[in-house]
Amino acid sequence: MAEQEPVRELPTLADLEEVEEKCRKLWESEGIYRYHPEAQGEIFSIDTPPPYVSAAHLHVGHAMSYTQAEFIVRFQRMQGRKIFYPMGFDDNGLPTERYVERKYKINKRNTTRSEFRSLCIEETREGAKTYEKLWRALGLSVDWSLRYSTIDEHCRRTSQASFIDLYEKGHAYRADEPVLWDTHFETALSQADLESMERKTKLNDIAFELPDGQQVVISTTRPELLPACVALYFNPSDERYRHLQGKQALVPLFGQQVPILSDEEVLTDFGSGLMMVCTFGDSEDVARWKRDGLETRLCVEPNGKLSDRAGAFAGMQIEEARKHITDKLREAGLLKNVQALKQSVSVSERSGVAAEFVMARQWFINVLNLQEAILERGHQLRWHPEWMEVRLRDWVRGLKYDWNVSRQRFYGVPFPVWYCAGCHQVVLPPRELLPVDPIETPCPVEECPDCGSNQFVPEEDVMDTWMTSSLTPLINANWVQTAGRTGDMSLHPMTVRVQAFEIIRTWLFYTLVKSHLHCDSLPWTDVMISGWGLSEQGKKISKRDLEQHTDPSGYNRYEPYSVIKKFGADALRCWAAKTNLGHDSRYSEREVKEGRRLVIKLWNAARFALMNLGDFNPQSAPIPTGDRTVEDRWLLARLQQIVEQSTGFLDSYEYGKAFEQLERFFWATFCDDYLEMVKDRFWNPDRYPDEARLSAQWTLWESLRTILGLFAPIIPFVTEELYQQIYRSWETAVSLHVTRWPQGNPEWVTETPEMELIETILKTVRSLRTERRISQTKQLSELVLDLDEASPRRQEMIRSMEVSLQAVARATTLRFAPAQQESGIEGVRLEIAE
RNA sequence: GGGCGAUUAGCUCAGUUGGUUAGAGCGCCGUCUUCACACGGCGGAGGUCACUGGUUCGAGUCCAGUAUCGCCCACCA
């Protein structure tokens, strides 16, 4: 125990911001979030999303999901676990590149790789500062010494080692195939980079000519792909076209001959029942091209313009070409019909442009052959909430392609690969050289082991950003053994992955794949999936929302840092705590204000307690629970129940339920009822034996301390300050957040049947006061109880509780006499007098 | 077209394994200020628990179906 005297008075709460700042400084200077590898105990480690720093349009939704995870961290820390809580930043990827492109008005074509990269690095550094400032302001109990950035040396080494390991184990392959392509960023994409979008389009019926001069009509939404047309298909059961089997048709405007083939999957009732297949309009075209060995006639260039194959239309963008080709067909009388059609198309998630197919040589990771294994892994995880698992299941079952990991971009981790100029053999560097950039580093191998050539070509592509972020558990566990980094493979699998639902198909899925392939294990044992914070209207908070509501004072109601400035981090956290895990939540400033009210109420309740503890010595012998007054035992019994429930809820990630019942208990039971009942013992000490007053003091002292502990994970700041002001000098822990989670006391559970009477009388008297416009705190001259019709047993019980009843009514005297008002207790009537 | 989630008081939401007159906060109405807090206390009004059937002694809670909203997925060219 410390030497200093306890604070015997709490000031009124003047400045919340100041209190929070004080706590931040304390936590930092005491290093209470530090991970201690050498300490004893069970590890609780958290794999938390490294945000895209450049997409720095932070809103309260981000604050919500990070905070929800952090409630659990604080709880587990107080449970005595060794907390490993790193924070990462994801600097790779198209979001960063797009941000830089827009900010500096540059693109892939008019800048150099190194210039582009340095701008990205600069921007991400700035972005990371904004995030770190917010996370600290929010009170996230992150160990900042464990931070990583997906572009830093350790992460590059880890991703490159991952690639090499996968290659050596035969899970990575290079293939020249039609790949999903983003014509804006001019890079390949993977299936996970797509999202589907509804759009209105036109279904065009176009006439093709047969050798005999007859016409057949096909239906297509993409007439601009006529130059790429390689076949027509009909359904073999379709009598209209059966006679065409094996014949050739002439493509209008472009003149190539294409075979007419049949396929059972062609719908007879869609359009004319005759479809054209191009290289490539969609994934179905790709499938038929592969299956039937169709010709390859690409007409869309990587930049989204039509190639020379399109003749007069070459150089036009797709949309533009569509219009011109349609016009031309119409002029020629070959456009037989046009109808509106609603269509869902795959677009690139990052650029929003429709995905095309382009032939390109790319690196792939085998995932199609892992579907069963990953489903099994997914099932081994403990999901919170459980129903989120179906999102992974649906995604894995719907996989169509292996994972394309090549990106024709600048800002990302390079492939650690050279190719032999002679025989194209893949050449990999030894692991100790990692990370490498093959563009800047000469190939470490002198001559090709296959052909002896000493000329090598570097791989110029970078890896998909998920190649790195899928490794966060291995980055944290220092799988590649980077010197000087904290963490080792005892951390893998980690305890819990926390993230929102939309990246289950990417981050969660790919991470499962990586740990499965590298370590034959799960990456973590638990996953905690949060929902989204939405606008008041229930919509995704957009960049425009953030910009529109900026008022001159600099306050923006969706911007978490200004919310914290205005209402306090504790208040914002309360809002996050009110949303059940996995559910979206409409942001509501009202709810944040409610949180602030709770913080203030807590302060004031503590202030009240302290006012009555001036002569209390916590080192004296406690009064045994059994010897305390019925009110005190009643409070303690309820508190014990709350302790047990809170613990159970938080253990199963149900912070929302824990908070809800705790808040209700604190406000209604502790403040409104218990504190009111206990006042009389302090205001009129002469009516009570010393033990009754001491009983109240012990109960206040212990229950307030317990309440602070229970609230600590949700509202860490104000509870810390109260701990420091009131309890610190009597305890050893430097911070509330490294004290043990409240255990309560099994002895607190006692039966207090009398309290039912007291509560009933309290309610009735309050009601009468309100009805007669008497202040609740005003001392009444008299409480009259009429027991004439009560049972002898009840009479006896009531008479034994005179002091309590008088106290609860705040009456100077208690008299038994006839009365008129129903008391709520059978056979008992009462009356009050001012 | 398939899947998941939601539908409970004016608003935002709780309602554990089906069990007596369905809860909270905000808002509203009324009222109370020497003695923690008016960012407070007390009292009150307000709900055919989306709809239709079914199981049951009994359903907001279980089953089937319908509708509306949101999200995810899906090749109808």
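Residue numbering restarts at 1 for every chain, and letters A, B, ... go by the order of the sequence lines. Only a predicted model underlies this, so the values are computations on that prediction, with no experimental measurement involved.
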For the side chain of [X], counting heavy atoms from C-beta on, which of [options] is nearest?
{"X": "Lys539(A)", "options": "rG70(B), rA77(B), rA36(B)", "result": "rG70(B)"}
{"X": "Ser283(A)", "options": "rC75(B), rC42(B), rC32(B)", "result": "rC75(B)"}
{"X": "Trp667(A)", "options": "rG41(B), rG5(B), rA77(B)", "result": "rG41(B)"}
{"X": "Asn604(A)", "options": "rC71(B), rA77(B), rA36(B)", "result": "rA36(B)"}
{"X": "Thr770(A)", "options": "rC37(B), rG43(B), rC32(B)", "result": "rG43(B)"}
{"X": "Val266(A)", "options": "rG5(B), rA77(B), rC42(B)", "result": "rA77(B)"}
{"X": "Ser767(A)", "options": "rC35(B), rG43(B), rU12(B)", "result": "rG43(B)"}
{"X": "Arg773(A)", "options": "rC32(B), rG5(B), rA36(B)", "result": "rC32(B)"}

Complement of [N], any strand, by Watson-Crick or G-U distances under 3.5 angstrom:
{"N": "rG25(B)", "result": "rC11(B)"}
{"N": "rC35(B)", "result": "none"}
{"N": "rA64(B)", "result": "rU52(B)"}
{"N": "rC57(B)", "result": "rG19(B)"}
{"N": "rC71(B)", "result": "rG3(B)"}

Quiz item: Judged by modelled atom types alone, do Tyr688(A) and Asp680(A) share a side-chain donor-acceptor pair under 3.5 Å?
Solution: yes
Exercise. Taking atom types as modelled, find out whether Ser348(A) and Glu195(A) have a side-chain donor-acceptor pair closer than 3.5 angstrom.
Key: no
Exercise. Answer with yes or no after comparing the ring centroid distance for Phe509(A) and Trp466(A) against a 6.0 Å cut-off, counting only values under it.
Key: no
Mind checking if [X] touches a base, just sugar-phosphate, or nothing, with heavy atoms under 4.0 Å?
{"X": "Ser344(A)", "result": "base"}
{"X": "Ile218(A)", "result": "nothing"}
{"X": "Cys278(A)", "result": "nothing"}
{"X": "Asp269(A)", "result": "nothing"}

Residues in side-chain hydrogen bond (donor to acceptor under 3.5 Å, both in side chains) with [X], at least two apart?
{"X": "Gln499(A)", "value": "Arg497(A)"}
{"X": "Glu834(A)", "value": "Lys778(A)"}
{"X": "Arg291(A)", "value": "Asp263(A)"}

Quiz item: Of Tyr233(A) and Arg596(A), whose closest RNA chain B nucleotide lies nearer the 5' terminus?
Solution: Arg596(A)
Quiz item: Taking for each residue the nucleotide of RNA chain B bearing the nearest heavy atom, is the 5' side occupied by Asp394(A) or by Ser588(A)?
Solution: Asp394(A)
Taking only the side-chain nitrogens and oxygens of [X], find out if one of them lies under 4.0 Å from OP1 or OP2 of [N].
{"X": "Lys400(A)", "N": "rC75(B)", "result": "yes"}
{"X": "Arg766(A)", "N": "rC42(B)", "result": "yes"}
{"X": "Lys763(A)", "N": "rG43(B)", "result": "yes"}
{"X": "Lys778(A)", "N": "rU33(B)", "result": "no"}

Self-check item: C1' atoms of rG46(B) and rC28(B), separation to the nearest Å
Solution: 9 Å
Table please: side-chain donor-acceptor pairs of residues 270-281 of chain A below 3.5 Å, with sequence neighbours left out.
{"from": "Ser272(A)", "atom 1": "OG", "to": "Val217(A)", "atom 2": "O", "distance (Å)": "2.6"}
{"from": "Ser272(A)", "atom 1": "OG", "to": "Leu274(A)", "atom 2": "N", "distance (Å)": "3.3"}
{"from": "Thr279(A)", "atom 1": "OG1", "to": "Arg297(A)", "atom 2": "N", "distance (Å)": "2.7"}
{"from": "Thr279(A)", "atom 1": "OG1", "to": "Arg297(A)", "atom 2": "O", "distance (Å)": "3.1"}

Quiz item: Is a donor-acceptor pair below 3.5 Å formed from side chain Lys601(A) to base rC37(B), judging by atom type as modelled?
Solution: yes
Self-check item: Near-parallel close stack of Trp387(A) and rC4(B) base (under 5.5 Å, under 30°)
Solution: no
Exercise. Enumerate the residue pairs fulfilling side chain to side chain donor-acceptor pair (under 3.5 Å) with a member in residues 642-654 of chain A, sequence neighbours excluded, ordered by first and then second residue.
Key: Gln640(A)-Glu644(A), Ser646(A)-Gln661(A), Thr647(A)-Trp741(A)
Self-check item: Glu319(A)/Lys202(A) ion pair, N-O < 4.0 Å
Solution: no
Practice problem: Find the distance Met388(A):CE to rA6(B):P and express it as a whole number of Å. | Solution: 10 Å
Exercise. Indicate for each nucleotide in nucleotides 15-27 of chain B, in 5' to 3' sequence, whether protein heavy atoms under 4.0 Å reach the base (B), only the sugar-phosphate (S), or nothing (-).
Key: S-------SSSS-
